[in-house]
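Whatever order the structure lists ligands and atoms in, that order sets their numbers, starting from 1. Any value given below was found using the heavy atoms of this structure, including those in side chains, with hydrogens, waters and symmetry copies removed.
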Amino acid sequence: MLDGKKTLFSGMQATGNLTLGNYLGALKNWVNISDDYQTFFSVVDMHSITVRQDPAELRKRARTLLTLYIAAGLDPEKNCIYYQSHVTGHAELAWILNCFTYMGELSRMTQFKDKSAKHADNINAGLFTYPVLMAADILLYQADVVPVGIDQMQHLELTRDIAIRFNNIYGDVFTVPEAYIGKAGAKIMSLQEPSKKMSKSDENPNGSIYLMDDPDTIIRKFKRAVTDSEACVRYCDEQPGIKNLIDIYCACTGKTAAETEKEFDGKGYGDFKLAVGEAVVSVLKPLQDRFADLSGNKDYIDGVIKGNAEKAQYFCNKTLRKVQKKVGFPERIR
Ligand code: TRP
C-alpha cells in the first residue's frame, strides 16, 4: 500500500500489431482504473523471446507499444511504464521462484501446451518457465490486483500458488494478488469469424482492426464484416456477428445494447456497419494523432524509459533483497 493506494501490475507483449480488441479489452480498461492504484505497466519483452523474434522488429514494436500506453492516456508521471528487460529484478526473482515451482504445475499450463504444439521446433525451457517470469513480474511489486484476460487466469492462479507456498515457508513475504477481470462485453471477436477472438496473429487481416489502421481501412473492414441473416440490429447469441458489432459500438460510444437496438430500429445492416466504423474511427483517430506526436518527441520518450525503469528497479529491489535474505543468500557488504 503506497499513498493509501493498492498496487496494480499488468503487462503486454510487443508481438504482432495491437488490435482494437487489445485496446477496448485491456488498454482502455487500464486507463479507466489507473487513478485508483499505484500502477506498473510493463512492456514484457523478456517474455517475447520465448518464441523466435527478429531483433530489430522486436525493438521497434516494444517502443511502439510503450508509446501507445502513453497515447492511450496513461500519464507516465503517475504510472510506471517501462521495459521489463531494463529492470534486472525480473530475471533475478524468476530464478528464485523457479526453485519453488514444480515441473508438474508448469506441464499443466494450457498456454505451454498450445505454444509448444505451434512451435514444435523450438520448445525451449523459457517457454516452459514463462509463467514463473510472469509470477516474478507481479510479486516483485507486491501487486494487489492484476488486470488479465481469461487466457491468463491459469498463470495468475499459479502466481498465487507460488506466493502462498513461499509465504508458508518464510513468513509473509509476498502479497497474494487478485485478478481484475474487466466488465463483460469488452471481449471483441474477429470481424470475419465472430466465434474467434480478435487476434494480433490472425492470418486474415480483415478479421482484425489494427490500432494503426487508417480511417478508410477501418470503414472498409466494417463494411465487409460478417453479419447474420435476421437483417435487423438485435443483440442476441443467434447473431454473433451483429452482437460483436454492437459490443464494439457500445464500447466506443458508451451506449448500451438496448439503446443501440433502438437507434437502428428499422435500419439495415449497411447503415449499422457504417456507423460502427465511424464510431471506431472517432476513438482511434485521436489515439493515432497522439501517438504520432509522441513518436516525434524522441527525447521525451527516452526520458520516460530511463526514469521509469529506475523507479521500477527501486521498488522491486525492496522485495528482492527481502527474498534473497529469506532464502539464505549472503548479505551484501556495503
Ligand atoms: N503473459 C501475458 C500475456 O501474454 C503478459 C504478461 C507478462 C503479464 N507478465 C504479466 C500480464 C504480468 C499481467 C501480469 O498476455
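- Side chains of Asn204 and Asp202: a donor-acceptor N/O pair is absent below 3.5 angstrom, by distance only.
- Looking at Arg63 and Asp302, a side-chain N of the basic residue comes within less than 4.0 Å of a carboxylate O on the acidic one, giving a salt bridge.
- Residue contact check: Val148 has heavy atoms under 4.0 Å from atoms 13 (C) of ligand 1.
- The existence of a salt bridge linking Asp289 and Lys285 is confirmed by a sub-4.0 Å separation between a basic side-chain nitrogen and an acidic carboxylate oxygen.
- Regarding atom 9 (N) of ligand 1, its nearest protein heavy-atom neighbour is Asp137 OD2, 2.7 Å.
- Ligand 1 places these atoms under 4.0 Å from at least one heavy atom of Val146: 13 (C), 14 (C).
- By the criterion of a heavy-atom distance under 4.0 Å, neither the backbone nor the side chain of Met12 is placed next to ligand 1.
- Scanning the protein heavy atoms around atom 4 (O) of ligand 1, the nearest turns out to be Tyr130 OH, 3.1 Å.
- Within 6.0 Å of atom CD1 in Ile49, 12 or fewer heavy atoms from other residues, nucleotides or ligands are found, so the atom counts as exposed in its surroundings.
- Residue contacts with ligand 1 for Leu133 are absent, since no atom lies close enough (heavy atoms, distance under 4.0 Å).
- Using modelled atom types, one finds no donor on one side chain facing an acceptor on the other under 3.5 Å when comparing Gln111 with Asp151.
- Within the 4.0 Å heavy-atom criterion, the part of Ile138 lying near ligand 1 is the side chain and not the backbone.
- When hydrogens are left out, the protein atom nearest atom 12 (C) of ligand 1 is Phe9 CE2, 3.4 Å; that is the closest non-hydrogen contact.
- Heavy atoms of His155 found under 4.0 angstrom from ligand 1: none, in either backbone or side chain.
- Classification of Lys6 and Glu178 as a salt-bridged pair fails, no side-chain N sitting under 4.0 Å from a carboxylate O.
- Heavy-atom contacts of Gln13 reach the following atoms of ligand 1: 4 (O) (cutoff under 4.0 Å).
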*Assess whether ring pair (Phe, Tyr, Trp, His ring centres under 6.0 Å) is satisfied between Tyr249 and Phe264, documenting all intermediate values.*
CA-CA 12 Å; Tyr249 188 69; Phe264 292 94; 5.6 Å; yes
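- For ligand 1, the polar-atom distance check against Gln111 finds no nitrogen or oxygen pair separated by under 3.5 Å.
- Between the side chains of Ser48 and Asp45, no donor-acceptor pair of N or O atoms lies under 3.5 Å.
- Atom 11 (C) of ligand 1 has as its closest protein heavy atom Gly11 O, 3.5 Å.
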